[in-house]
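Everything below concerns the one structure shown next.
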Amino acid sequence: MKIKKVMTLLLSAVVGAVFLAGCSGAGTQGTENTAVSEESSAEENGSEAADAGDTGEKHVNVAFFWITPTLDPAVDYQGWVTCRLGVGEALVKLNDDLEVEGCVADSWENIDDTTWEFHIRDGITFSNGTPVTAEAAKASLERAIEMNDRAAEYLKVDMIEADGQTLTITTTEPNAALLNNLVEPVFCIIDTTQSEESIETAPIGTGPYVISSFSPEQTVELVKNDTYWDGEPGLDTITVTQIADADARTMALQSGEVDITNTIDNTSVTLFTNNSDYNVSSIISPRVNVAYMNNAQSSPLHDIELRKAISYGVNREAYAELIGGSVAHSAYSDATPFGNDTITAYTYDPEQAVEILDAAGYVDVDGDGYRELPDGSGMNLRYLQAADHGSADSAILATAVQSDLKEIGIQVEIFSVENLTEYQTEGNFDFYTGNDNSAPTGDPQIWLETMYTDLGTSGKSNLTGFQNDRIDEIIEEMDTAFDPEERYALAAEASQILNDEAANLFLTNSYLNMVSVAKVKNAIQPVADFYFITKDITVE
């Protein structure tokens, strides 16, 4: 198959370039993405520091693809980093089955449609030793709601009351997603009695690690929390460095500059598998690789017949083989309990695609091998890629889609743009790639509401102009659907609608990968995207 030949060559070139660069020792020294200077010795910053040899201290160097401008969990999505650092914890958390478990709170009860009662774990303290009471948790939640529109919409709070270790949340309307929504790191419980300036640089949480220093978008230094409620952390200190580029993270691991990293492209993971010098932890995640299609009038893709033809024209099985993962059936990954793989999904059927295009009037008028629009004008679809995306998988998928669509006579041009968000907001695109978590809170509602409706502030990411009245109704029904099975059935119905409408190209369920050097133990990639550094990670 032509697409497989073309993409296999591209894949080989990408992996080969990473391998050669890593072996040459080029690494990322001196680049803007690494805060470790060229002058720093291995004893200070290199992987040798992970050995207990000279100091008896257990230390690792970690690479994150993203460190935020501040670490205040109530601001934007900065709580995701605070949580991944092992500093912040919420009332509840997700396990690897995407089920809600206790964390700062150890039990809860849904009293009625608008009342939830939580018990704050007895004996739990902030990392400064201050007890975590219901009043402290209340202050933290109220601060998040006041500062973050997303937090306010997730909870729909009427009032929060505190009595000893009992926290009661009353909502303005039924909100069946509330328990799951509380796992979102915007709701990390922090000590709000510290100054706002201190919260920005070193929020005091309940996690296994404490921030000792912070350089915005560069590095974070961590020390273990001696008062951690869930056992002794396995490391004494950790240095976390931002390395935004996926290939650079790979090379930093190969060169020994870092001991652990995640978000390694599947095209690079093969460099570390079956190699006793490294540990590789991989899972099929809630993330789905999507080629988003512009449904608005400004794009030819406003025509559902064209979107359907394109949906039949892309070979998802070949893509999954190229970059790893599995074929996506819908907007929800198969890793979720509502990623229903029994719904009717598009298969690779170029003959069906051609029939649809011919019937809809998309024909090659001038004989150049590409179809024109039904009015006879040219059709060159714009596929946008972020110039700083740093993902080989994304580039491979864009090229694969382009190659497949050429086979059915559709011309696609790939553009690398500096500010993808600006193009998205203006609707100035036909396609763009996303690798998105369709179940960030372990529940189907938030993603559906955010990406496919214009309901409230959570609809701010509906950038494709998709609209369907039944999807809007499903969101409203989910508000009062407290039975998980009922919620999952509604999610499956929504998935089928999105497929029937050919809303977007759901391509593959993607792997999440964590790679560490052999001496690091228990660095396990979680299914939930909020967690990375845990108390269990240690070194020999």
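Residues Val104 and Arg121 are not in side-chain contact: their nearest non-hydrogen atoms beyond the backbone lie 4.5 Å or more apart. No side-chain heavy atom of Tyr511 sits under 4.5 Å from any side-chain heavy atom of Val269. Between Ser330 and Gln496, the closest side-chain pair of non-hydrogen atoms is not below 4.5 Å. Taking the side chain as every heavy atom from C-beta outward, Leu85 and Leu71 approach each other to under 4.5 Å. Between Leu178 and Leu155, some side-chain heavy-atom pair lies under the 4.5 Å cut-off. Taking 4.5 Å as the limit, some side-chain heavy atom of Tyr432 sits within range of a side-chain heavy atom of Gln424. Within the 4.5 Å cutoff, no side-chain heavy atoms of Ile284 are placed close to those of Asp334. The side-chain heavy atoms of Asn175 and Trp116, taken from C-beta on, include no pair separated by under 4.5 Å.
In terms of heavy-atom proximity, Ser285 sits nearest to Ala335 at O-CB, 3.4 Å. Of all heavy-atom pairs spanning Ala320 and Thr508, the tightest one is N-CG2, 3.8 Å. Heavy-atom minimum distance, Pro69 versus Pro216: O-CB, 3.3 Å. The minimum heavy-atom distance between Phe338 and Asp443, with the atom names listed, is CZ-C, 3.6 Å.
Asp163 CG: 12 or fewer foreign heavy atoms inside a 6.0 Å radius. Enclosure of atom CD in Glu196 by more than 12 non-hydrogen atoms of other residues, nucleotides or ligands within 6.0 angstrom is indicated. The environment of CD in Glu317 is sparse: at most 12 heavy-atom neighbours from other residues, nucleotides or ligands sit within 6.0 Å. The number of heavy-atom neighbours closer than 6.0 Å to CZ of Phe415, taken from other residues, nucleotides and ligands shown, is above 12.
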TODO: Output, in order, the C-alpha distance, side-chain angles, deciding distance and verdict of side-chain contact (heavy atoms from CB on, under 4.5 Å) for Leu512 and Asp529.
DONE: CA-CA 9 Å; Leu512 286 178; Asp529 237 357; 3.7 Å; yes

- [ ] May I have the step-by-step check of side-chain contact (heavy atoms from CB on, under 4.5 Å) for Tyr77 and Arg150, ending in yes or no?
- [x] CA-CA 9 Å; Tyr77 285 86; Arg150 185 174 83 260; 3.3 Å; yes

Task: Check against side-chain contact (heavy atoms from CB on, under 4.5 Å), Phe466 and Leu498 - done: CA-CA 9 Å; Phe466 178 86; Leu498 293 175; 3.7 Å; yes

TODO: Would you sort out whether Thr433 and Val401 count as a side-chain contact (heavy atoms from CB on, under 4.5 Å), showing the intermediate values?
DONE: CA-CA 10 Å; Thr433 298; Val401 170; over 6 Å; no

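Atom CG of residue Leu141 and atom CD1 of residue Ile160 lie 5.0 Å apart, to the nearest 0.5 angstrom. His329 NE2 to Thr344 OG1: the interatomic distance, rounded to the nearest 0.5 Å, is 11.0 Å. Considering OG1 of Thr441 and CZ of Phe187, their distance stands at 10.0 Å, rounded to 0.5 Å. Atoms OG and CH2, from Ser127 and Trp229 in turn, are 14.5 Å apart once rounded to the nearest 0.5 Å. Distance CZ/Arg316 to CG/Asn289: 12.0 Å, rounded to 0.5 Å. How far CZ of Phe65 is from CD1 of Ile243: 13.0 Å, rounded to the nearest 0.5 Å.
Side-chain contact check for Ser268 and Asp265: no donor-acceptor pair (N or O, by modelled atom type) lies under 3.5 Å. Checked by atom type, the side-chain pair Asp469/Gln467 shows a donor-acceptor distance below 3.5 Å. Between Asn513 and Ser282, the side chains place a donor N or O and an acceptor N or O closer than 3.5 Å (distance only, hydrogens not considered). Between the side chains of Asp96 and Tyr531, no donor N or O sits under 3.5 Å from an acceptor N or O. The closest side-chain donor-acceptor pair between Tyr346 and Gln352, if any, does not fall under 3.5 angstrom.
For the pair Asn295 (side chain) and Met293 (backbone), a donor-acceptor distance under 3.5 Å is present. A donor-acceptor contact shorter than 3.5 Å links the side chain of Gln194 to the backbone of Ala202. Looking only at distances, a side-chain donor or acceptor of Asp404 sits under 3.5 Å from a matching main-chain atom of Asn315. Under the 3.5 Å distance criterion, the side-chain polar atoms of Arg249 are left unmatched by any main-chain donor or acceptor of Ile264. In this structure a side-chain-to-backbone donor-acceptor pair under 3.5 Å is missing from Thr450 to Ser461. Of the possible polar contacts, none joining the Ser333 side chain to the Thr336 backbone as a donor-acceptor pair under 3.5 Å is found. Although no hydrogens or angles enter the test, the distance criterion places no donor-acceptor pair under 3.5 Å between the side chain of Thr192 and the main chain of Ser140.
Remark: Ser299 pairs with Asn294, Leu301, Asp430 by the side-chain contact (heavy atoms from CB on, under 4.5 Å) rule, at least two apart or across chains.
The existence of a salt bridge linking Arg143 and Glu146 is excluded, since no basic side-chain nitrogen approaches an acidic carboxylate oxygen closer than 4.0 Å.
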